[in-house]
S.K.: 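Below is one structure. I have some questions about it.
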Amino acid sequence: MPIGAVVVDGRGRVLGAGANEREATGDPTAHAEVVALRRAAAANGSWRLEGATLAVTLEPCTMCAGALVQARVARVVFGAWDPKAGAVGSLWDVVRDPRLNHRPEVVAGVLEGECGGLLRAFFGERRTPP
Ligand SMILES: [Zn+2]
């Protein structure tokens with residue numbers, strides 16, 4: 001899956017980046033956001049990523065939205081909406097659930113056309129027999 005995520009601190013410095021590694025690692029939790037959060041926390045020396053922004057190609061799923069809340073990121077930026085599994089406004093809105101004590105700011109649809117195009121191209125190619 002051509003999904004990438006990056007975590008930057010409050011000064012715009014990159015703390016960690018990741019791509020979807022689920023197939024490569026056989027790890028069902030290795031979504032781009034989780035990979036980027038793990039690397040960012042390691043670089044940060046703490047699981048608390050307060051003040052950080054995570055940007056990702058596709059709207060995060062429920063697992064990743066939960067991880068973003070757990071990491072206390074300040075802001076989530078994503079490109080394409082995921083109407084089939086999105087948990088940052090599409091099917092659920094986990095990160096802005098008022099019952100949770102931490103709610104990141106959301107900036108949705110940034111470079112939506114480009115991000116959606118990457119995914120459409122990937123799935124279009126995979127449907128085409130070699
Ligand atoms: Zn995910």
S.K.: If you take all heavy atoms of Arg96 and Val88, which pair is closest and at what distance?
M.R.: NH2-O, 3.5 Å
S.K.: For the CZ atom of Arg38 and the OG1 atom of Thr29, what is their distance to the nearest 0.5 Å?
M.R.: 4.0 Å
S.K.: Could you state the interatomic distance from CZ (Phe78) to CD (Glu59), rounded to the nearest 0.5 Å?
M.R.: 4.0 Å
S.K.: Taking only residues two or more places apart in sequence, or in another chain, which ones meet Arg99 in a salt bridge (charged side-chain N to carboxylate O under 4.0 Å, His left out)?
M.R.: Asp97
S.K.: Any donor-acceptor pair under 3.5 Å linking the side chain of His31 with the backbone of Ala19?
M.R.: no
S.K.: Quick one: do Val77 and Val34 end up in the same hydrophobic cluster if we chain Ile, Leu, Val, Met, Phe, Trp and Tyr together by side-chain heavy atoms under 4.5 Å apart?
M.R.: no
S.K.: To the nearest 0.5 Å, what is the distance between CD1 (Ile3) and SG (Cys115)?
M.R.: 10.0 Å
S.K.: I need the Ser46 OG to Arg72 CZ distance, nearest 0.5 Å.
M.R.: 10.5 Å
S.K.: Check Met63 against Pro28 and note the closest heavy-atom contact, atom names and distance.
M.R.: CE-O, 4.2 Å
S.K.: Hey, are Arg39 and Glu21 close enough for a salt bridge, meaning a charged N less than 4.0 Å from a carboxylate O?
M.R.: yes
S.K.: Would a 4.5 Å heavy-atom cut-off, applied to side chains only, mark Val107 and Val76 as touching?
M.R.: no
S.K.: For Leu68 and Pro60, which heavy atoms make the closest approach, and how far apart are they?
M.R.: CD1-CG, 4.0 Å
S.K.: CG/Leu111 to CG/Leu118 distance, rounded to the nearest 0.5 angstrom?
M.R.: 10.0 Å
S.K.: State whether Arg48 and Asp9 are salt-bridged, where the test is any N-O pair (Lys NZ or Arg NE/NH1/NH2 against Asp/Glu carboxylate O) under 4.0 Å.
M.R.: no
S.K.: Indicate the atoms forming the closest heavy-atom contact of Gly18 with Ala32, along with that distance.
M.R.: O-CB, 3.7 Å
S.K.: Distance check, rounded to the nearest 0.5 Å: Leu91 atom CG versus Asp82 atom CG?
M.R.: 7.5 Å
